[in-house]
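All residue numbers in this chain count up from 1 along the given sequence.
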Amino acid sequence: MDYLKLAGLLFPDVKTTPEQLEERYPQRDLPEGAKVTRIAPSPTGFFHIGGLFPATVCERLAHQSGGVFYLRIEDTDSKREVKGAAAFITTILDYYGLHFDEGVTADGDKGAYGPYTQSQRVDIYHVYAKKLVEEGRAYPVFSTDEELDELKALDKKAEIKSVNWEQDAEARREAMLKRRQFTMEQVEKELAAGHKFALFAIADGNPENKIKVTDLVKGLLEIPENDEDVVLLKSDGIPTYHFAHAVDDHLMRTTHVIRGEEWLPSLSKHLMLFRYLGFKPPKYMHIAQLMRLDENGNKKKFSKRDMGANLEDYRKMGYCVDAVNEYVMTLLNSNYEEWHTQNPDKDRLDFPFSIKKMSVSGCLFDTEKLNDVSKNVISKMTAAQVYDGVCDFAKTEDTEFYETLRSDRAYAESILAIGRGGAKPRKDFATWADVKPYMSFFYDKYFTRDDEMPQDKDKADIKAALKKFIDTCDENDDQSCWFEKLKDIAEQIGYARETKLYKKEPEKYKGHVGDVASFVRIAITGRQNSPDLYEVIKILGRQRTSDRIKESIALL
Ligand code: GLU
């Protein structure tokens with residue numbers, strides 16, 4: 001077969017050569033050891049939380065080494081494509097602080113290695129497709145896409161190893177060998193009739209032979225050589241993932257391909273294509289799929305429908321970016337938490353991220369743990385930072401609360417400052433959504449009485465204590481003076497001044513000062529639990545404090 005002639009017939013318009021492309025996309029001028037990484041999502045309008053893990057690894061490895069982190073949009077599967085999805089991806093990743101140096105941005109492409117959207121690179125793929133035909137490595141198949149789908153189904157059946165897998169594999173092999181048989185006349189006739197073709201690469205491997213390849217996470221792997229012809233172009237001329245991966249990652253000079261483990265079974269095909277194309281393969285890291293715990297504590301994959309499967313869900317649920325990133329780091333590098341404890345004031349980005357410390361078996365996403373990390377992160381913020389975080393969240397998720405917060409920043413900040421800044425800060429918030437229920441009683445319009453006065457205490461005593469409290473309460477008292485007054489009230493109604501006195505001789509008292517504080521707390525906040533009562537009263541002021549207590553007495 002005259003392969004040059006065949007290539008000319010199949011790709012009459014391709015004039016560019018691979019050499020010209022090598023010149024157009026030269027080796028990058030980067031410092032020794034700099035890594036070039038990318039994330040390459042398909043624009044489906046959904047960004048899986050699991051995707052944040054490889055994305056973080058890519059970003060860290062690139063930026064830690066003085067390299068380049070770029071975004072490529074893989075839109076070769078038009079059936080899955082959603083309009084505006086690329087913009088969605090850049091926005092959400094930017095929100096999580098994963099800033100790209102290059103690639104698709106909201107304002108078009110940035111960088112010298114584009115276009116960064118695969119559908120705009122079809123001419124480039126065809127240059128290499130033509131080269132492979134010229135070298136007798138690739139051949140056309142004039143079938144409709146439906147027929148190709150049938151072939152794929154046959155391949156799948158053989159892979160699944162059904163009862164008849166040997167026959168299935170044989171049938172597949174025969175079909176493959178038949179596809180490879182054709183004459184130049186047949187091609188000319190098909191083309192003249194305007195028929196479209198898909199392009200296949202001829203597999204040259206023997207699965208009995210193993211290729212040794214090092215995955216930077218999984219270690220040395222031995223994978224069978226590929227003996228399945230690989231679809232390079234579909235009949236619309238659009239490449240498959242396999243072909244586009246080899247061409248793009250070579251021309252964009254990616255040094256490290258970090259991607260989901262689901263691509264591992266295709267690695268053998270990819271290495272074959274790199275070899276055919278004369279490209280040096282990148283270093284690979286295959287990251288295990290993110291798992292979660294279900295209601296019964298069993299490990300499960302995140303299904304698309306699960307709340308929390310979409311990265312966007314975390315913003316909506318009110319998780320702050322720092323908390324999610326911090327949590328991702330703890331899962332990705334086993335020594336991160338220890339480092340963080342030793343370097344509490346350092347930024348997450350100062351952590352020396354290491355591939356060696358990554359878990360081979362993958363990450364388990366545990367919301368409880370995320371909440372713990374998040375509570376820690378928020379507890380270290382200033383009141384002003386918390387205020388800004390809540391406002392940012394409420395702006396889209398609870399506009400009414402947003403307006404309330406905005407109407408008096410100083411007031412909201414004074415509430416958020418309670419218990420903040422000391423050695424043991426309060427850890428009330430796992431998400432920004434937790435803030436409203438926490439502080440709502442400070443606002444008359446949100447105030448509700450959720451908890452009742454203790455049933456085992458005498459109502460007359462409660463009333464007496466509350467009345468005395470109104471009489472003596474002075475918002476200018478310092479904390480110790482305030483507490484002394486509370487103890488006096490306790491004594492006056494036959495309660496112990498100190499909890500320990502009560503514990504020693506419980507029969508001697510009707511209760512203790514803690515109970516009195518509890519009456520006041522429930523009267524003022526409507527709850528059994530609240531932040532520091534003294535601080536609460538200072539913020540509410542004498543008038544509102546006594547109004548609420550009076551109302552509570554009337555309800556008794
Ligand atoms: N478009 C592929 C995906 O979304 C990218 C895989 C890769 O990073 O190479 O799975």
Side-chain angles (χ1 to χ4, degrees), residues 383 386-387 400-401 403-420 426 428 435-499 501-502 509-556:
V386 177
Y387 176 84
E400 199 272 336
F401 185 47
E403 293 306 335
T404 305
L405 290 171
R406 299 269 301 175
S407 66
D408 191 344
R409 177 173 183 133
Y411 182 68
E413 265 194 40
S414 66
I415 299 166
L416 295 168
I418 301 176
R420 206 161 275 283
R426 291 183 64 95
D428 298 292
V435 175
K436 184 179 180 184
Y438 169 86
M439 68 195 287
S440 58
F441 69 85
F442 282 99
Y443 296 87
D444 293 338
K445 62 177 170 178
Y446 298 138
F447 175 61
T448 51
R449 294 192 178 276
D450 301 335
D451 292 329
E452 287 181 6
M453 291 293 172
Q455 296 296 319
D456 60 340
K457 297 285 184 257
D458 189 79
K459 277 191 183 153
D461 288 341
I462 299 175
K463 274 189 193 172
L466 291 176
K467 278 193 181 133
K468 285 178 196 298
F469 188 84
I470 300 176
D471 294 342
T472 57
C473 171
D474 181 347
E475 68 206 56
N476 298 315
D477 285 344
D478 67 18
Q479 189 144 14
S480 67
C481 168
W482 178 85
F483 200 50
E484 276 310 308
K485 284 184 178 174
L486 211 63
K487 287 178 180 175
D488 292 344
I489 296 172
E491 206 163 39
Q492 286 160 22
I493 62 164
Y495 280 43
R497 286 186 74 82
E498 315 264 351
T499 315
L501 290 177
Y502 174 79
Y509 306 100
K510 293 193 258 177
H512 57 79
V513 64
D515 295 317
V516 178
S518 185
F519 304 154
V520 176
R521 182 185 312 269
I522 294 171
I524 297 171
T525 70
R527 321 163 175 189
Q528 274 172 7
N529 297 309
S530 80
D532 186 83
L533 195 53
Y534 171 75
E535 301 283 351
V536 169
I537 291 168
K538 275 186 90 113
I539 292 172
L540 282 176
R542 186 173 157 69
Q543 190 56 50
R544 280 204 291 163
T545 301
S546 69
D547 286 351
R548 286 193 186 179
I549 295 179
K550 278 182 198 149
E551 186 190 77
S552 168
I553 292 172
L555 289 169
L556 271 166

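- To the nearest 0.5 Å, atoms CG (D515) and CD1 (I462) are separated by 9.0 Å.
- Between the side chains of D488 and Q492, no donor-acceptor pair of N or O atoms lies under 3.5 Å.
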**Request:** Apply the test salt bridge (Lys or Arg N to Asp or Glu O under 4.0 Å) to residues R406 and E403: give CA-CA distance (whole Å), side-chain angles for both, the deciding distance (0.1 Å), then the verdict.
**Result:** CA-CA 5 Å; R406 299 269 301 175; E403 293 306 335; 5.8 Å; no
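- A salt bridge does not link R542 with D474: every distance from a Lys NZ or Arg NE/NH1/NH2 to an Asp or Glu carboxylate oxygen is 4.0 Å or more.
- No side-chain heavy atom of I493 sits less than 4.5 Å from a side-chain heavy atom of D458.
- Residues K445 and E400 are paired through a salt bridge, judged by an N-O separation under 4.0 Å between the basic side chain and the carboxylate.
- In this structure, K485 pairs ionically with D477, as a charged nitrogen and a carboxylate oxygen lie closer than 4.0 Å.
- When all heavy atoms of A412 and Y443 are compared, the pair lying nearest together is CB-OH, 3.6 Å.
- One distance of note links CD1 of I524 with CZ of F442; it measures 10.0 Å at 0.5 Å rounding.
- A pairwise comparison of heavy atoms in Y502 and K510 identifies CE1-C, 4.5 Å as the closest pair.
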**Request:** Starting from the C-alpha separation in whole Å, work towards a yes-or-no answer on side chain to side chain contact (heavy atoms under 4.5 Å, CB included) for R426 and Y438.
**Result:** CA-CA 12 Å; R426 291 183 64 95; Y438 169 86; 3.7 Å; yes
**Message:** Determine whether M439 and I539 satisfy the following criterion, side chain to side chain contact (heavy atoms under 4.5 Å, CB included), listing intermediate values before the conclusion.
**Reply:** CA-CA 12 Å; M439 68 195 287; I539 292 172; over 6 Å; no
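- A 4.5 Å side-chain heavy-atom check between Y509 and Y495 finds every atom pair outside the cut-off.
- We find the CZ-CD1 distance between R544 and I549 to be 13.0 Å, quoted to the nearest 0.5 Å.
- Side-chain contact between H512 and L501 is absent, with no heavy-atom pair separated by less than 4.5 Å.
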**Request:** I would like to know whether Q528 and R521 meet side chain to side chain contact (heavy atoms under 4.5 Å, CB included); could you show each step before the answer?
**Result:** CA-CA 7 Å; Q528 274 172 7; R521 182 185 312 269; 5.7 Å; no
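- The shortest heavy-atom contact between M453 and A523 is CE-N, 3.7 Å.
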**Request:** Decide yes or no on side-chain hydrogen bond (donor to acceptor under 3.5 Å, both in side chains) for R449 and T525, but give the supporting numbers first.
**Result:** CA-CA 7 Å; R449 294 192 178 276; T525 70; over 6 Å; no
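- Nearest heavy-atom pair, V513 versus R497, reported as atom, atom and distance to 0.1 Å: CG1-O, 3.2 Å.
- Remark: the backbone N or O of R527 is not paired with any side-chain donor or acceptor of D450 at under 3.5 angstrom.
- Minimum heavy-atom separation, F469 to I537: CZ-CD1, 3.6 Å.
- Contact record, I470 with S546: CG2-CB, 3.7 Å, taken as the closest heavy-atom pair.
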**Prompt:** Step by step, would you call Q479 with D532 a side chain to side chain contact (heavy atoms under 4.5 Å, CB included)?
**Reply:** CA-CA 11 Å; Q479 189 144 14; D532 186 83; 3.6 Å; yes
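- Cation-pi geometry between R548 and F447 is met: the NZ or CZ atom falls under 6.0 Å from the ring centre, inside 45° of the normal.
- Distance check, rounded to the nearest 0.5 Å: CZ of F483 to CG of L533 gives 10.0 Å.
- Donor-acceptor pairing under 3.5 Å is recorded for the side chains of Y446 and T404.
- Of the inter-residue distances, the one linking S414 atom OG with Y387 atom OH reads 11.5 Å to the nearest 0.5 angstrom.
- Side-chain atoms of R420 come within 3.5 Å of backbone atoms of L416 as a donor-acceptor pair (strictly under, hydrogens ignored).
- In this structure, CG in D547 is found 12.5 Å from OG in S552, a value given to the nearest 0.5 Å.
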